[in-house]
2 protein chains.
Amino acid sequence: MSIEVVFGRHLRKFREGKGLSQEELAFRSNLDRTYISLLERGKRRPTINTIFALAKSLDAAPSDMIKMVELELATDITGREP
Amino acid sequence: MSIEVVFGRHLRKFREGKGLSQEELAFRSNLDRTYISLLERGKRRPTINTIFALAKSLDAAPSDMIKMVELELATDITGREP
DNA sequence: CTTTTTTTATGACTATAGTCCGTAGACCAT
DNA sequence: ATGGTCTACGGACTATAGTCATAAAAAAAG
């Protein structure tokens, strides 16, 4: 599974956990509404600054969001070298 | 202090701690030699994929590199709202 | 059902991440 | 001096992050 897809899924979880719409999250993070949608579907790769902005809007630590991606990628069985 | 400058400084620390040259790190991460230099000087903002690639080359967890940036930004006295 | 809110999708666009060429300076050894 | 290794920096370039306007599908809600 690619990094951006995993990140997108966790971004969505965080957002829904906060009860925010994509539009509200976009507004808080000074990002475009449609871009949040692209991120959640794994169609874009956020820069470090964007990650920090999103995390702040979600009252989360950027490192925690990254850690979740990291852990899911580590436990992902697909595409491991034999 | 900006996110990218802080990240750049920590990237350099990690790299020097591993005893790697910019060129070696670039090769391991499939990035350009000059781009590593730009990153370390805070002239570029890496995407999440680039962060993961760099971390892997440095035998570090991406979330740990982010956490160091996070902590330094949190303890940075400059530009805090009164 | 109808209405409203939310999300997906497209296409055209601007800003910037990341590449690739080179040059110059610093440092360390011959 | 000269050669090697390393990093800073330049400009020109390609790829993609992120914006904007809009339409339409999907979900909630009434």
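Chain naming here is simple, since letters A, B, ... match the order of the sequence lines and numbering starts at 1 in each.
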DNA chain D contacts made by [range], counting heavy atoms under 4.0 Å:
| range | result |
| --- | --- |
| residues 62-70 of chain A | none |
| residues 45-57 of chain A | A:Arg45, A:Pro46, A:Thr47, A:Thr50 |
| residues 3-28 of chain A | none |

Expressed as a whole number of angstroms, how long is the span from [X]:[atom1] to [N]:[atom2]?
| X | N | atom1 | atom2 | answer |
| --- | --- | --- | --- | --- |
| A:Leu31 | C:dA15 | CG | P | 16 Å |
| B:Leu39 | D:dT7 | CG | C1' | 14 Å |
| B:Ile36 | D:dC6 | CD1 | P | 14 Å |

Exercise. Got a sec: does the CD of A:Glu24 have more than 12 other heavy atoms crowding it under 6.0 Å?
Worked result: yes

Problem set entry | Pairs flagged by salt bridge (charged side-chain N to carboxylate O under 4.0 Å, His left out) wherever residues 3-13 of chain A is involved - sequence neighbours left out | A:Glu4-A:Arg45, A:Arg9-A:Glu72, A:Arg12-A:Glu40

Problem set entry | Of all pairs that satisfy salt bridge (charged side-chain N to carboxylate O under 4.0 Å, His left out), the ones with a partner from residues 49-70 of chain A, not counting sequence neighbours |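 Pairs touching residues 49-70 of chain A that pass the test: A:Lys18-A:Asp59.
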
For this session: For the side chain of A:Asp32, starting at C-beta, report the closest nucleotide among D:dC20, D:dA17, C:dA9.
Result: D:dC20

Problem set entry | Distance-only side-chain donor-acceptor flag, A:Thr34 / A:Ser37, under 3.5 Å |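 Judged by distance alone, the side chains do not pair up.
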
Exercise. Quick one: is C:dA9 close enough that its OP1 or OP2 comes under 4.0 Å of any side-chain N or O from A:Arg41?
Worked result: yes

Exercise. Side-chain N or O of A:Ser37 less than 4.0 angstrom from OP1 or OP2 on C:dT7?
Worked result: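 For A:Ser37, the contact criterion (side-chain N or O under 4.0 Å from OP1 or OP2 of C:dT7) is not met.
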
Polar atom pairs (N or O), protein with nucleotides 22-24 of chain D, under 3.5 Å:
unit_1	atom_1	unit_2	atom_2	d
D:dT22	O4	A:Arg33	NH2	3.1

Problem set entry | Side chains of B:Leu25 and B:Leu31 in contact at under 4.5 Å (non-hydrogen atoms) | no

Exercise. Quick check: does any side chain N or O of B:Arg15 sit under 3.5 Å from a backbone N or O of B:Leu20, one acting as donor and the other as acceptor?
Worked result: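 A pair under 3.5 Å: yes.
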
